[in-house]
Amino acid sequence: MHIPRWAIPAAAALTATGVLVTACGQQQGAGRQTNTSAGLKQDPAAPRQDAGAEPVAATTALEVASVSRLGKVVTDGEGRTLYRFDKDTARPSASSCEDACAKAWPPVLVGKAEPKVDGVDQNLVGKVRRPDGQWQVTLGGWPLYRYAKDASPGDVKGQGVNGTWFAAAPTGKKAAAKKAEQENEGGGERRQQDGEQRQGGEQGGNGGWAGWTTIKVRRDPRLGMIVTDGKGRTMYRFDKDRPRVSNCFGDCRAKWPIVRFNGFKKLKVEGVDRGLVSFIERKDGKPGECQLLINGWPMYYFAKDAEAGDTRGQAVQNVWWVVSPQGKKITTAPGGQGGGDGYGGY
């Protein structure tokens with residue numbers, strides 16, 4: 001029986017098989033630690049819902065994420081935004097989206113098990129039988145849908161379509177745009193910092209939803225295409241590391257904070273081959289703390305990069321380098337930055 005990914009707790013032991021799933025999302029045999037790439041993480045036998053394909057009934061997860069221009073919205077277990085339709089009804093619950101409409105707006109279906117919820121009031125969650133006999137999840141009485149054009153977790157391309165489709169708030173009401181907030185470069189997403197330090201401290205810097213690892217690419221005027229997080233913070237690799245091995249600890253780690261990996265379930269990638277993305281579990285820090293790898297190389301921030309777009313870590317001590325979308329180091333030192341400040345010479 002296929003077990004949905006959301007149904008497996010981050011550190012749950014599967015005693016029947018002797019397999020442990022860690023907080024990083026990798027599988028481990030008892031007493032042995034292994035690293036897992038994005039390609040190995042995916043279950044080739046697991047069905048994947050293509051845009052426009054008929055949805056498959058399955059147990060569903062409802063979670064909550066924050067979008068800067070909308071506030072809190074409801075997502076499924078994969079981080080995809082869920083929507084409600086003004087032409088449906090909530091009392092009684094009924095869906096009016098069928099055929100071509102249902103291909104563009106796949107209904108969120110549910111099997112016999114109740115939907116799992118995180119941040120949503122279970123009392124607001126229900127289900128309604130669709131005209132084709134399948135059961136659709138409702139929130140506050142409103143049937144829920146995905147939008148086929150939302151390609152990645154965090155996308156909200158369906159918001160306001162035809163003046164009738166809106167992201168669902170955790171109460172089941174429509175998520176409304178916040179006029180006072182400006183949309184960020186990454187589609188209006190903003191990571192909640194929750195007290196994390198902007199300089200020197202290790203942070204997700206995802207430019208997306210809290211707890212997500214976001215990888216993007218931007219063009220630097222001196223270095224070309226380089227890898228950043230969702231907020232534009234530059235990522236680096238270290239010559240004294242080895243593939244899948246970090247040698248940056250203690251004072252080094254304080255000056256070069258790691259880019260945390262929060263699991264494949266909460267990974268957003270733009271401009272980098274997802275197959276190049278993997279992780280290691282750190283030997284220091286808290287158990288289950290994981291570091292992002294690109295093409296096998298551990299990724300870091302530079303504590304002196306104060307703003308998005310800074311590349312002050314480039315060529316420091318000739319061992320720290322920005323990274324290309326292929327995970328290779330770029331050894332051209334930008335004029336006026338890096339190289340000679342003597343900071344972080346490890």
Side-chain angles (χ1 to χ4, degrees), residues 9-13 19-38 40-41 191 193-206 210-215 227-231 233-267 276-306 310 312-314 316-323 327 329 338 341-346:
V19 174
L20 177 69
V21 180
T22 75
C24 307
Q26 80 266 39
Q27 293 183 351
Q28 296 179 332
R32 184 178 62 183
Q33 189 175 91
T34 59
N35 297 319
T36 307
S37 70
L40 294 177
K41 169 65 173 66
R191 188 182 190 278
Q193 293 299 326
D194 294 331
E196 292 181 357
Q197 295 179 350
R198 290 185 176 273
Q199 298 182 28
E202 297 174 12
Q203 56 182 300
N206 295 327
W212 286 67
T213 301
T214 304
I215 305 169
V227 177
T228 73
D229 65 12
K231 293 186 73 68
R233 292 193 66 195
T234 304
M235 296 186 191
Y236 300 87
R237 50 176 279 187
F238 182 31
D239 279 352
K240 295 187 180 182
D241 285 349
R242 303 195 311 273
R244 301 188 178 278
V245 176
S246 169
N247 289 311
C248 183
F249 303 99
D251 191 40
C252 172
R253 174 169 168 166
K255 295 173 181 177
W256 298 89
I258 68 169
V259 180
R260 287 196 177 101
F261 178 84
N262 295 313
F264 289 100
K265 181 180 174 182
K266 292 193 172 183
L267 172 68
L276 295 177
V277 179
S278 55
F279 60 89
I280 54 172
E281 187 169 356
R282 294 286 304 187
K283 297 178 181 178
D284 55 349
K286 298 179 181 179
E289 182 183 51
C290 301
Q291 183 173 4
L292 174 70
L293 307 180
I294 297 181
N295 198 22
W297 288 92
M299 292 292 105
Y300 305 85
Y301 298 111
F302 185 42
K304 281 195 171 182
D305 281 350
D310 284 352
R312 292 187 173 96
Q314 174 67 355
V316 166
Q317 298 295 312
N318 288 317
V319 292
W320 291 95
W321 310 99
V322 297
V323 180
K329 63 183 180 182
D341 66 3
Y343 187 53
Y346 291 89

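Nothing here was measured: the structure is a model prediction, and the numbers come from that model.
Looking only at side-chain heavy atoms (C-beta outward), N295 and V323 stay at 4.5 Å or farther from each other. Between S246 and I258, the closest side-chain pair of non-hydrogen atoms is not below 4.5 Å. Considering only heavy atoms from C-beta on, I294 comes within 4.5 Å of I215 through its side chain. I280 has its side chain out of reach of V245: every pair of non-hydrogen atoms, C-beta onward, lies at least 4.5 Å apart. Proximity of F302 to W320: side-chain heavy atoms (C-beta onward) are nowhere separated by under 4.5 Å. A 4.5 Å side-chain heavy-atom check between Y301 and D229 finds at least one atom pair inside the cut-off.
Rounding to the nearest 0.5 angstrom, the gap separating the OG1 atom in T214 from the CG atom in N262 is 9.0 Å. With rounding to the nearest 0.5 angstrom, the CE atom of M299 is 6.5 Å from the CZ atom of R237.
D239 is linked by a salt bridge (Lys or Arg N to Asp or Glu O under 4.0 Å) to K329, counting only residues two or more places apart in sequence or in another chain. Applying the side chain to side chain donor-acceptor pair (under 3.5 Å) test to D241 and every residue at least two apart in sequence or in another chain returns Y300. With sequence neighbours left out, the side-chain contact (heavy atoms from CB on, under 4.5 Å) criterion links V322 to L223, I226, T234, Y236, T311, Q314, I330.
Formation of a donor-acceptor pair under 3.5 Å by the S278 side chain with backbone atoms of G296 is not found in this model. Side-chain atoms of D305 come within 3.5 Å of backbone atoms of R312 as a donor-acceptor pair (strictly under, hydrogens ignored).
A salt bridge links R282 with D284: at least one charged nitrogen is closer than 4.0 Å to a carboxylate oxygen.
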**Prompt:** Run the side-chain contact (heavy atoms from CB on, under 4.5 Å) check on E281 and E289 step by step: do they pass?
**Reply:** CA-CA 6 Å; E281 187 169 356; E289 182 183 51; 6.0 Å; no
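The minimum heavy-atom distance linking F238 with C252 is given by the pair CE2-SG, 4.5 Å. Nearest heavy-atom pair across R244 and L293 is NH1-CD1, 3.8 Å. Residues R253 and C248 approach most closely at N-SG, 3.4 Å, considering heavy atoms. The shortest non-hydrogen separation linking P257 to A303 is CD-N, 4.0 Å.
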